[in-house]
Student: 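The structure is given below, and queries will be raised subsequently.
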Amino acid sequence: MSDEIRSQRLAKLARLRELGLDPYAVERFPFERSADQLLADFDALAPQSEDEQATKRVRFAGRLVSQRLMGKAAFAHISDGDGRIQGYFKKDELGETLWEAFNLLDIGDHVGVEGFLFVTKTGEKSIHVTSLTPLSKSLHTLPLGKEKDGQQWYGLSDVDQRYRHRNLDLVCNPAARRLLLLRSKIVRAVREFFDQKGFVEVETPLLQLEAGGAAARPFLTHYNAYDIDVKLRISLELYLKRIICGDVPKVFEIGRVFRNEGVSNRHNPEFTLLEWYEAYANLEDIMAFVEGLMAYVAMQAFGTTIVTMELATGEPEDEDCPTETVTMDFGKPWRRVNLMEEIERHTGLGRADLATLEDAKSALREREVINPVTGKRIDPDAEQHLGGLIEKLLEVFVEPTLVQPTFVVGYPLETSPLAKKDPNNPGMTRRFEGYIRGKELCNAFSEINDPIDQRERFEMQMDHRAGGDDEAHPMDEEFLFALENGMPPTGGCGIGIDRMVMLMTGAEHLREILLFPMMRPVGHVDED
RNA sequence: GAGUCGUUAGCUCAGUCGGUAGAGCAACGCCCUUUUAAGGCGUGGGUCCUGGGUUCGAGUCCCAGACGACUCACCA
């Protein structure tokens, strides 16, 4: 019973205090090398003779992760998170007090040790411990499991527990730790790349009167001082363009945005968005920029532009789920395709079939348009406008085929209220999205800088809203005023950072990338 | 929001036909001064997710609820 374990451990804590070794009273325990460094520099650090044992000392601290007690001697591994090293503890060298203290330690406690390096009979490089300092007491059993030859027994595998108690996940599961470190590297590489390209990093408001720049329902909250309702931002777009209007030609922001929508393996109500805007740049410039960014990030995070990942091809539930090795080279240019041409290639529906909403609906009714792999089809009556239907066709028939990095160019007017019209294709805009592994990575367009056009687009969105689309873009007079004062031609792009990490690491769930994903509270009672 | 499946010891999991709760690890005690999934002997530990119902009797069957996973819908 957990209370029993807890009281046992509190009793051990009390005894440590009686011995004058209160772990919580210690403030610092300096040591120079990580476990990995101790092992790497072993030959130089280990004493060559008994005389040197007194002078060639090492110190190390970490969490006790395994114990093998043998009466008056013991072995135990201490982990600093990244690596672990074995300690050898002997009663007649530690003395009565420290030996008792060692026996009061449990797996999960932090401990500092001092001693000299040596090799055990079985050949493991270890620390011969001559002194130890308890540094924290764990009041619970750590669900660490055991391992041998890289195979793990037991351990913490319940995903609910792993997400709710991420600290335990990080201690017990090396993969969780690996993803955290990889994400940090990737984000750092992104910042470096923008810095190298002369971009300025800015921060814009999270609290906004109207949440614009994307199609999503916002979170609502209240600002007491002004007694006004405000919304949490759903994108970074409009404020960043107002900075472009202020003649700062290259800006980017990495920030949290909030969308009041459901949770799935690719969605979380809050996520980290990267957006950047570059004056005097067009779509082709941005594509090249994305290619360069991804190549740089891959190089910094993995040391190569060639990223290999194991992807589940069956049910991830299944233990023997088949996997497929996918390799992508971010050193190569991405495939570039036209949206309408790709739809025609995968559905047989050409421009003539998709000229108007009515044409498209009757074409869908007349022909059996079914995705041969997933068996999915489209409900023609679900869409309010042609653009929505076209994007639906893209999602169902084209997206799953875009495994290798691909730019899809040319998005419909109705779903692109902030993108310039394509002068050569009525009803279409100068917009592209980048896809990897069948999932959207980025969304970019030539930004509208014509304030009259932008006003008309917002008005079109207001019509959609009146038609029942509560995610249609709101009117934003402040933004229009900025445009009326002049914005240079500008290319902009957005990338979901969490999803980018997910795509590059082969993770199947966004929640593996988010340290603390949204979870329903335990014991929640619905008020309805 | 809808459907399917799941929830048993701190962790990972068994539990047959409805008959009164099991294992390994972890914990506790004893032995053990070079072990590494250490070993040997012994001990304790359960709101079987919650609440109802059926039954002489429910971990097991029925109903409702909580939470999770997956699929779908919305979205990036």
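Lettering follows sequence order; numbering is per chain, from 1.
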Student: Considering non-hydrogen atoms only, spot the tightest contact between A:Ala507 and A:Arg437 and give its length.
Tutor: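 That would be O-NH2, 3.3 Å.
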Student: If we take the P atom in both B:rC48 and B:rG59, what is their distance in whole Å?
Tutor: 8 Å
Student: Between B:rU16 and B:rA21, how far apart are the two C1' atoms, rounded to whole Å?
Tutor: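 Here B:rU16 and B:rA21 have their C1' atoms 15 Å from each other.
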Student: Is the closest side-chain donor-acceptor distance between A:Glu399 and A:Tyr435 under 3.5 Å?
Tutor: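 Judged by distance alone, the side chains do pair up.
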Student: Of A:Ala73 and A:Ser66, whose nearest nucleotide on RNA chain B comes first from the 5' end?
Tutor: A:Ala73
Student: Using distance alone, with no hydrogens and no angle criterion, decide if A:Tyr239 and A:Gln208 have a side-chain donor and acceptor under 3.5 Å apart.
Tutor: no
Student: If we ignore angles and hydrogens, is there a donor and acceptor under 3.5 Å between the side chains of A:Arg57 and A:Thr130?
Tutor: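 Yes, side-chain donor-acceptor contact under 3.5 Å.
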Student: Write down the partner of B:rC72 under the Watson-Crick or G-U wobble criteria, each distance required to be under 3.5 Å.
Tutor: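 The answer is B:rG1, by the H-bond criterion.
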Student: To the nearest Å, give me how far apart CG (A:Asp109) and C1' (B:rG10) are.
Tutor: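 For the pair A:Asp109 CG and B:rG10 C1', the rounded distance is 15 Å.
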Student: Looking only at side-chain N and O atoms, does A:Lys91 come under 4.0 Å of OP1 or OP2 in B:rC32?
Tutor: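 So the side-chain polar atoms of A:Lys91 never come under 4.0 Å of the phosphate oxygens OP1 or OP2 of B:rC32.
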Student: Who is the Watson-Crick or G-U wobble partner of B:rG6, with both distances under 3.5 Å?
Tutor: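 Base partner found: B:rC67.
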Student: Heavy atoms only, 4.0 Å cut-off, all strands: where does A:Arg511 land among base, sugar-phosphate and nothing?
Tutor: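 The answer is sugar-phosphate, as A:Arg511 gets under 4.0 Å only of primed atoms, P, OP1 or OP2.
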Student: Now, which nucleotide makes the Watson-Crick or G-U wobble pair with B:rU34, with each of the two distances under 3.5 Å?
Tutor: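 Matched B:rU34 with nothing under the 3.5 Å cut-off.
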Student: To the nearest angstrom, how far is A:Arg431 atom CZ from B:rA76 atom P?
Tutor: 8 Å
Student: Give me the distance, rounded to whole Å, that separates B:rU60 from B:rC28 when you measure between the P atoms they each carry.
Tutor: 34 Å
Student: Reading RNA chain B from 5' onward, which residue's closest nucleotide shows up sooner: A:Arg499 or A:Lys72?
Tutor: A:Lys72
Student: What contact category does A:Asn268 fall into here, base, sugar-phosphate, or nothing, at under 4.0 angstrom with non-hydrogen atoms?
Tutor: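 The residue A:Asn268 makes base contact.
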Student: Classify the nucleic acid contact of A:Phe118 as base, sugar-phosphate or nothing, counting any heavy atom under 4.0 Å across all strands shown.
Tutor: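 Base contact.
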Student: As a test of reading the structure: which of B:rA69, B:rA76, B:rU71 is closest to the side chain of A:Phe271, going by heavy atoms?
Tutor: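 Of B:rA69, B:rA76, B:rU71, B:rA76 is nearest to the side chain of A:Phe271.
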Student: Of the nucleotides B:rC67, B:rC11, B:rA69, which one has an atom closest to the side chain of A:Asp160?
Tutor: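 Of B:rC67, B:rC11, B:rA69, B:rC67 is nearest to the side chain of A:Asp160.
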Student: Could you tell me how far apart A:Ile85 (CD1) and B:rU35 (P) are, to the nearest whole angstrom?
Tutor: 18 Å
Student: Under a 3.5 Å cut-off for both distances, is B:rG45 Watson-Crick or wobble paired, and to whom?
Tutor: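 With both distances under 3.5 Å required, B:rG45 matches none.
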Student: Taking the P atom in each of B:rA37 and B:rG19, what is the distance between them to the nearest angstrom?
Tutor: 40 Å
Student: Does the base of B:rU7 carry an N or O that pairs as donor and acceptor with the side chain of A:Asp158 under 3.5 Å?
Tutor: no
Student: Hunt down the Watson-Crick or G-U wobble partner of B:rA26, both distances under 3.5 Å, from any strand shown, or write none.
Tutor: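 Partner of B:rA26: none found under 3.5 Å.
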Student: In Watson-Crick or G-U wobble terms, both distances under 3.5 Å, what is the partner of B:rG18?
Tutor: none
Student: Pick the C1' atom in B:rU12 and in B:rU4, then give their distance to the nearest Å.
Tutor: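 Nearest-Å result for B:rU12 against B:rU4 at atom C1': 25 Å.
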Student: Looking across every strand, which nucleic acid part, if any, lies under 4.0 Å from A:Ala215 by heavy atom: base, sugar-phosphate, or nothing?
Tutor: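 The answer is sugar-phosphate, as A:Ala215 gets under 4.0 Å only of primed atoms, P, OP1 or OP2.
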Student: Just by modelled atom types, is the A:His140 backbone N or O under 3.5 Å from a matching donor or acceptor in the A:Arg9 side chain?
Tutor: yes
Student: Is the closest side-chain donor-acceptor distance between A:Arg166 and A:Gln161 under 3.5 Å?
Tutor: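 Distance-only check fails for A:Arg166 and A:Gln161.
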Student: Taking atom C1' of B:rG68 as reference, at what distance in whole Å does atom OH of A:Tyr163 sit?
Tutor: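 Taking OH of A:Tyr163 and C1' of B:rG68, I get 11 Å after rounding.
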Student: Distance check needed: B:rA76 C1' versus A:Arg256 CZ, whole Å only.
Tutor: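 Whole-Å distance recorded here is 15 Å.
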Student: Under 4.0 Å: is that the gap between some side-chain N or O of A:Arg520 and OP1 or OP2 of B:rG68?
Tutor: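 Yes, such a contact exists.
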Student: Only counting residues at least two apart or in another chain, list the ones meeting salt bridge (Lys or Arg N to Asp or Glu O under 4.0 Å) with A:Arg259.
Tutor: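 Testing A:Arg259 for salt bridge (Lys or Arg N to Asp or Glu O under 4.0 Å), a comparison that skips the adjacent residues, returns none.
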Student: Among residues at least two apart in sequence or on other chains, which ones pass salt bridge (Lys or Arg N to Asp or Glu O under 4.0 Å) with A:Arg256?
Tutor: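 A:Arg256: salt bridge (Lys or Arg N to Asp or Glu O under 4.0 Å) contacts with A:Glu270.
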Student: Name the nucleic acid region contacted by A:Glu261, choosing base, sugar-phosphate or nothing; use a 4.0 angstrom heavy-atom cut-off, strictly under.
Tutor: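 Base contact - A:Glu261 has a heavy atom under 4.0 Å of at least one base atom.
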Student: Paired with B:rG59: which nucleotide, if any, by Watson-Crick or G-U wobble criteria at under 3.5 Å for both distances?
Tutor: none
Student: How far does the C1' atom of B:rC31 sit from the matching atom of B:rG68, given to the nearest Å?
Tutor: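 That atom pair is separated by 45 Å.
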Student: In whole Å, what separates the P atom of B:rA64 from that of B:rA26?
Tutor: 43 Å
Student: Just to verify, which of A:Arg430, A:Arg431, A:Glu237 counts as forming a side-chain contact (heavy atoms from CB on, under 4.5 Å) with A:Glu447?
Tutor: A:Glu237
Student: Within the structure shown, what part of the strands sits under 4.0 Å from A:Lys90 by heavy-atom distance: base, sugar-phosphate, or nothing?
Tutor: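 Base contact.
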Student: Identify whether any heavy atom of A:Arg164 sits under 4.0 Å from a base atom; if not, whether one sits that close to sugar-phosphate; answer base, sugar-phosphate or nothing.
Tutor: sugar-phosphate
Student: Tell me: CD of A:Gln161 to C1' of B:rG68, nearest whole Å?
Tutor: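 A:Gln161 atom CD is separated from B:rG68 atom C1' by 10 Å.
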Student: Can you check the A:Lys121 NZ to B:rU33 P distance for me, whole Å?
Tutor: 12 Å
Student: Are the side chains of A:Phe89 and A:Val113 in contact, using a 4.5 Å heavy-atom criterion?
Tutor: yes
Student: Just N and O in the side chain of A:Ser157: are any of them under 4.0 Å from OP1 or OP2 of B:rU12?
Tutor: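 For A:Ser157, the contact criterion (side-chain N or O under 4.0 Å from OP1 or OP2 of B:rU12) is met.
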Student: Could you work out the separation of B:rA14 and B:rG52 based on their C1' atoms and round it to a whole Å?
Tutor: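 Result for the C1' pair: 28 Å, nearest Å.
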Student: Using only heavy-atom distances, decide whether a donor-acceptor pair under 3.5 angstrom links the side-chain of A:Gln86 to the base of B:rU35.
Tutor: yes
Student: Expressed as a whole number of angstroms, how long is the span from A:Asn260:CG to B:rG1:P?
Tutor: 12 Å
Student: Which is true for A:Glu471 with a 4.0 Å heavy-atom rule: it touches a base, it touches only sugar-phosphate, or it touches nothing?
Tutor: sugar-phosphate
Student: Collect all protein-nucleotide pairs involving nucleotides 24-28 of chain B in which both atoms are nitrogen or oxygen and the distance is under 3.5 Å.
Tutor:
from   : atom 1 : to       : atom 2 : distance (Å)
B:rG24 : O2'    : A:Tyr154 : OH     : 2.4
B:rC25 : O3'    : A:Lys146 : NZ     : 3.3
B:rA26 : OP1    : A:Lys146 : NZ     : 2.8
B:rA27 : O2'    : A:Gln8   : OE1    : 2.3
B:rA27 : O2'    : A:Gln8   : NE2    : 3.3
B:rC28 : OP1    : A:Lys12  : NZ     : 2.2

Student: With no hydrogens and no angle check, do the side chains of A:His464 and A:Glu471 hold a donor and an acceptor under 3.5 Å apart?
Tutor: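 Judged by distance alone, the side chains do not pair up.
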Student: In Watson-Crick or G-U wobble terms, both distances under 3.5 Å, what is the partner of B:rU54?
Tutor: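 Because no pair has both required distances under 3.5 Å, B:rU54 counts as unpaired.
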